[in-house]
Each structure stands twice: as C-alpha cells, then as structure tokens.
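Data block below; observations after.
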Amino acid sequence: MSWMQKLFETYEACAHNPEYTDPPQVGDGGKEAPALMPVSHVGQQAHIHVVLDAKGNFVRAELLPPKTQCIIPATEDSAARTSGAAPHPLDDKIHYCAKDYAGGKKNLFSMYAEQLQAWCDSDQSHPKARAVLAYVSKGTLTHDLTQAGILFADASGVLLTEPPSENDNAGKDTIFSRLQPKKINGSTVRDQGEALVVWSVLEVPGDMEPRTWKDTSLQQAWTAYDASQMQQKNLCMVQGVECAVAAKHPRNIRRPGDGAKLISSNDAANFTFRGHFLEPEQACTVGYETSHKAHNALRWLIARQGYRNGEQAVVAWAVSGAAVPNPCEALLGMTDEDLLRDDEPGVSDALESQPKAPPNMGMIFSKNLRKALAGYRANLKDTDGIAVMALDAAGPGRLSVTFYREQMLGDYLGKLEKWQKDCGWVLPVRLPDEADGQGKPRKRTVHAVCAPTPETIARIAYGRRIDDALRKATIERLLPCIVDAAPLPRDIVDCCVRRACNRVGLEKWEWPEVLAVACAMYKGYYARHLQKEEYDMALDENRNTRDYLYGRLLAVAEYIERTALDLAVDKRPTNAERLLQRFADHPFATWRQLELQLSSYEQRLKTSSRAGLLVRAQKVLQTIYEKFVPEDFSSAEKLSGEFLLGYHCQMTALYSKSEKEATTEATD
C-alpha cells in the first residue's frame, strides 16, 4: 500500500497550512470544496441553515445557496452510509434531527439524539453541541422551519412532496429546487426530509465563529471524542504501529455522492475474502486515523488538481502539496507566447487550416517548455517525490487503482519534457472569442506547438462519438507513454493515420486537428520505437525519403488547385483532397492522375494576378522531383504516416510566404 503511505504523508505535510485546510468555497457545486478535511469529518451538501442562541432557542433559519458544501462531523458508520441508518453526530437531514418529523423510520431521531447526548456527556463536550441538543430535544424543528417559510406542510403537519401551486413562493427559490427528485410509484416527488441542516450558535462566551462547520474547536472536540470510542486495536500496516483500526473506510472519493470505496470488506457471502482468510482483518488492517487522513488527502487532491473523465480520475501530486503538472492535461498554457497565429477575417477556407508558423517555432516551443518546467521546479525540491495515480470504478461500489507510479521530481519532469518534445506538433486550438455586436459568442482557431492530451488522442483515433469505456482504456494505455516514456501503441498510431487519410469522411472543421494529431503521433512513434533521428516541425528540405517527398508533392498539387479555385470563388474540394485516401494506397498511379488534372488550373493562374504563386509552386515541384530515386517514385508500395508530415510541413511552408514576395519573384 505504498499509495496510501504517500497519501498519509501528504496529509501530515499539508494539514497545518491554512491555505489548504480553509480555502474559499468553490462556486462550482458539481465539485467538492477543495479543503483538506480533518479526521472524522466529511463534506456534505447542506440546504438549510438554522441559527440558535447559547441556550438552544430558535433565532432564525435560511436557505443556503445551491450546492453549498460544508464540512461536518461524522462517525465511521455515517461517513460510509449509503442506505442504512447511521446518524451524523451534529449536522444531518431532517429525517434524523427533527423529532416532530412525520414520515420515514420512527427511530432515526432517537439514534441521532442518543449519539449527540453521549458526546455532550463526555469530557470532550462542546457548548455548541449542547445548545443543538437542547434545541432538538424540544421537538419543534419541523414546525419552526415551516413557520419560517423554509419547509412546506399540509394542514396536519405532514411535509409535502411537491411545491404547493397556490402558495406565493411556488415559483420562487424554495427548498424544492435544492432537492433531487425521486421516482415513487411512477410519480416524481421531492422529500423535504432529505434536506440537510447545519447549525450556528450565537452568544457563546469567548467564541468568534458561530458557524459549527467552520469552528475548529468544535472539530477538534469531536475528533477527540470519536477517537476515544475506538475499541478494536491492531497493527496498522501503513504506519507499522498498533492503534485503533478502521472497520469501515470512507467513500465520496472522486466527488460528493460517490459510493465507490478503495478498501472494503463487508461482503462476507460472495467470496471476497473466503478461501484465503477467515476474517477480513487477516488480509489487511489499516489504522482509523491513517485511513481517514489518506482518503481525505486523495479526495482533496482530486478536487484540487485531478483530471476527471467520467468515472475515471487521474491525479499527480507532491507530498509538500505544491502544484504538479497532470499528465492528462496540457502542460503549456494558452498564452500569447504559445500561440502562433490567430485566424484572420476574410481569409480563404484553405488558409484557415494552415498555421503561419515562424521559421524558429522549434526554438519558441523549447523556450516555453523550459519556462513551464522551471515554474514547477521553483516550488519543489529535487528530492521531492512525485506520485501519479489513476482510479476507475467498474461498478457503483468498488474503486480500483488502475495506474500508480512514484518518481523523483527530476525524473517526472524529464519524462513530461520528453513527451512534449517527441510528440510536439502545431495543433489547432479552438478558443472562445469576444461576443459580436448581437451578444453571440464566437470561437476562433489558434495554433500552438504542444503534444496532444490523451483524451484528444483517443477522440482523434476513434472518432468524436467514442464510448466512455474505450476512451478510458485508451487514456490508461497512454499514461505509461507519458510517465514512463514507454513506446506509443502502434494500433493507436495507425488509427490516427487512417482517420487522417479519410479526409472526405471528416467534417471541414475536424480535418485540421485530425491531421495535426496524426502527425504528432507518428512523430512520437518514430522517435521512440524506431530510435531514429527526430522529425522537425518545420519543412525539412534535406529529407529524401519516398513517403516524405510524396507528401510534399500532394501539398503542392492542392496548393495550386486551391489557389486557382479561389480566383473563381469556387469552394468545392480539390482533387488532392478527394483522392487523399487513394493517394495513400497508390501514390504513383494517383499522382499521374493529379498531375494531368493540374494543367488546366496552371493555365488559369498564368494569366492571373497570382502568377507569382504558380512560379514558386512549380519551382518547389521541380526541386521535389530531383530528390526522388526513380525506383522509389514508381514503386506501388503504400505510403506510411510519414507522408502526412511531409504534406503538413510543405503546406505550412507554402502558405507562410506572402503573396507580395511571390509577386516580386514573378516580376523579376
């Protein structure tokens, strides 16, 4: 359990930092508040805030903002509860803490009151807990909340399951808008008893924080009391000391409401441990405090810096809590220095897909990469260890560690740098732009040099309609390529190349990204698997390989035809675009066909204002012809993914030169 040891050490190193334990509330309610919670506490979504005085008298009540997350005390059973009856010690649902609640199980309040009474009678009691006990013992919570307009009940005092249409508040923000609907006998209902109540206690001598979920002294009092109730002691296999061990382990790891657990031994009937052990304790024992600290650290890390893909979560962290780049996310930010060009209004469709890359873009990429890595090194030490962990759940109750690595800082950042250099390419990125005059949001395409993320690779390889299982499996297969510098899977590379060759089967806006990712994947595969010289992101005019040269020929043919079509304001696809798949399979025969079709477009350009472009393109064609070996040129062998690199680099070079320069050449 090295991953649990690393998480426990992370908690110990970060628990005393107020920046980690008490950050501001997150506005996104779908994500848990990224706070490192104390032991014996859980994060819950609260709905109602009740204010009391120090003697337990009702003062007022209010609805909390939607999806408000609060850290509340919890027992081992209540933290792990799914459908069973296990009350939280202080803050809980109306079901538990309202004595006058009509409906549900009758003994829920007695369980809640008995547990709270035991805490208040102990040496670890707290004045706010005693005030809450004094109030709930009166049995007026439901009545008070109904009188305050928070809850809605009928004439007999039974809470309603749907908003009353005749009520003035029916169309406003009420408790019904906070609750999740349930299907009962074919009808949709909302049980107001599911609303969770949190408390504030005023007028406590020497107290500066009335909110119970923010009071550290209350948290410490409950933690001490909960630890005193632990009876079972055994060897903790994480710390190696004898202490109180956990019988049940926390859930809500990836998000609030997540019922999957990493450690579970409550299934004694389906051979979870039968056949190997008589009791679950014989398999593994983890200290109660150790388990809670490790799970709290993991929950905090995923909410703070984790990558989420449905039920899959990937997180990378350092024990010190400093920021660490995630292998599943982009390493370089979209700053002005990272962007090569913005789309210009009025540019033709062919130009929109081609980045106007500067000749020193490799130097710009290396500079930005070093700057990004230096930013992470500034907050870390070379001796810091980095852990990378991937989690996934095959079902609703069991969570698995699908990938785990521990590396030193230098090794980890070195592997990320190698991934960026091996698979770095000029990728199109869609960014939101300022709204137009009518307030409609627009998007613009920019080009940045970086390696594609695993999620992007999965979408390009298998299509944008890829199912979740295949996407998660592809990301898991690509993680070792990033973290361990393993060779790229050949089947994924081939899928990217095949989709790039099927240009007619792609949307117009989709093609540039598919082409760029295919080039990046083939470049990375070539560098790692074949162990040969690396491809340059700019046009390499000294490369004489057959596939690369054929790709350059295709780019020149498309450039000539597209230029001629633009003169006639014709938006139809060029012959090179339509025959791309056939060109990849039969380059020699297809090129003869394309070459014959180019003659009419060349005649059109000779008598136009763009004759200079034709002269430059014909010079490039002649240069490419001279580099071919005759036997290679006439070979019937299929082209590899290398021809896409030649095509992309040549097309970029052609569009990078201005028309003014080309016109000057023609005049001379």
Short side-chain to backbone donor-acceptor contact, [X] and [Y], under 3.5 Å:
{"X": "Ser291", "Y": "Tyr288", "answer": "no"}
{"X": "Ser200", "Y": "Val51", "answer": "no"}
{"X": "Tyr412", "Y": "Val324", "answer": "no"}
{"X": "Arg254", "Y": "Ala303", "answer": "no"}
{"X": "Thr474", "Y": "Leu470", "answer": "yes"}
{"X": "Asp53", "Y": "Gly56", "answer": "yes"}
{"X": "Asn234", "Y": "Glu242", "answer": "no"}
{"X": "Gln305", "Y": "Ala323", "answer": "no"}
{"X": "Thr223", "Y": "Gln219", "answer": "yes"}
{"X": "Thr285", "Y": "Val245", "answer": "no"}

To check you understand the geometry: which heavy-atom pair defines the closest contact between [X] and [Y], and what is its length?
{"X": "Arg471", "Y": "Asp468", "answer": "NH1-OD1, 2.8 Å"}
{"X": "Cys97", "Y": "Asp92", "answer": "SG-O, 3.6 Å"}
{"X": "Gly287", "Y": "Cys236", "answer": "N-SG, 3.3 Å"}
{"X": "Ile253", "Y": "Leu391", "answer": "CG2-CD1, 4.5 Å"}
{"X": "Leu133", "Y": "Ala113", "answer": "CD1-O, 4.3 Å"}
{"X": "Ala131", "Y": "Ala54", "answer": "CB-O, 3.6 Å"}

Side-chain contact test, heavy atoms from C-beta onward, threshold under 4.5 Å: evaluate it for [X] versus [Y] and give yes or no.
{"X": "Asn57", "Y": "Leu52", "answer": "no"}
{"X": "Lys261", "Y": "Arg398", "answer": "no"}
{"X": "Leu416", "Y": "Pro325", "answer": "yes"}
{"X": "His292", "Y": "His41", "answer": "no"}
{"X": "Leu141", "Y": "Ile94", "answer": "yes"}
{"X": "Gln45", "Y": "Thr68", "answer": "no"}
{"X": "Val197", "Y": "Asp91", "answer": "no"}
{"X": "Gln239", "Y": "Phe8", "answer": "yes"}

Under 3.5 Å, is there a donor-acceptor pair linking the side chains of [X] and [Y]?
{"X": "Tyr225", "Y": "Ser40", "answer": "no"}
{"X": "Asp100", "Y": "Thr142", "answer": "yes"}
{"X": "Glu329", "Y": "Asn326", "answer": "no"}
{"X": "Thr10", "Y": "Trp317", "answer": "yes"}
{"X": "Glu194", "Y": "His95", "answer": "yes"}
{"X": "Thr174", "Y": "Ser177", "answer": "no"}
{"X": "Asp144", "Y": "Tyr135", "answer": "yes"}
{"X": "Tyr404", "Y": "Glu406", "answer": "yes"}
{"X": "Thr75", "Y": "His88", "answer": "no"}

Do the ring centers of His49 and Trp213 come within less than 6.0 Å of each other?
yes
Under 6.0 Å between ring centres: does that hold for Tyr96 and Tyr101?
no
Electrostatic pair [X]:[Y] at N-O distance under 4.0 angstrom:
{"X": "Asp215", "Y": "Lys128", "result": "yes"}
{"X": "Lys214", "Y": "Glu209", "result": "no"}
{"X": "Glu455", "Y": "Arg459", "result": "no"}
{"X": "Glu162", "Y": "Arg190", "result": "no"}

May I have the step-by-step check of side-chain contact (heavy atoms from CB on, under 4.5 Å) for Leu145 and Ile175, ending in yes or no?
CA-CA 11 Å; Leu145 293 179; Ile175 187 63; over 6 Å; no
If you measure from [atom1] on [X] to [atom2] on [Y], what distance do you get to the nearest 0.5 Å?
{"X": "Gln44", "Y": "Cys70", "atom1": "CD", "atom2": "SG", "result": "9.5 Å"}
{"X": "Gln124", "Y": "Trp119", "atom1": "CD", "atom2": "CH2", "result": "10.0 Å"}
{"X": "Gln220", "Y": "His126", "atom1": "CD", "atom2": "NE2", "result": "9.0 Å"}
{"X": "Asp392", "Y": "Glu311", "atom1": "CG", "atom2": "CD", "result": "7.5 Å"}
{"X": "Met408", "Y": "Leu413", "atom1": "CE", "atom2": "CG", "result": "11.5 Å"}
{"X": "Phe152", "Y": "Thr146", "atom1": "CZ", "atom2": "OG1", "result": "9.0 Å"}

Residues, nucleotides or ligands: over 12 heavy atoms within 6.0 Å of Lys138 NZ
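Count over threshold, so yes.
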Would you say Asp467 has more than 12 foreign heavy atoms packed within less than 6.0 Å of its CG?
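Above 12, so yes.
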Could you check Leu262 against Leu298 for side-chain contact (heavy atoms from CB on, under 4.5 Å), going step by step and ending with a plain yes or no?
CA-CA 11 Å; Leu262 277 170; Leu298 180 58; 3.6 Å; yes
Using the side-chain contact (heavy atoms from CB on, under 4.5 Å) rule, take Leu36 and Tyr11 through it: C-alpha gap first, then chi angles, then the decisive distance, then the call.
CA-CA 8 Å; Leu36 192 57; Tyr11 187 96; 3.6 Å; yes
Should Glu476 and Lys472 be marked as a salt bridge (charged side-chain N to carboxylate O under 4.0 Å, His left out) after you check the CA-CA gap, both sets of side-chain angles, and the distance that decides it?
CA-CA 6 Å; Glu476 289 178 9; Lys472 290 190 293 186; over 6 Å; no
With Cys328, the side-chain contact (heavy atoms from CB on, under 4.5 Å) member among Thr453, Ile482, Ile475
Ile475
Please lay out, stage by stage, how Lys6 and Val319 fare under the test side-chain contact (heavy atoms from CB on, under 4.5 Å).
CA-CA 7 Å; Lys6 185 68 68 174; Val319 171; 3.4 Å; yes
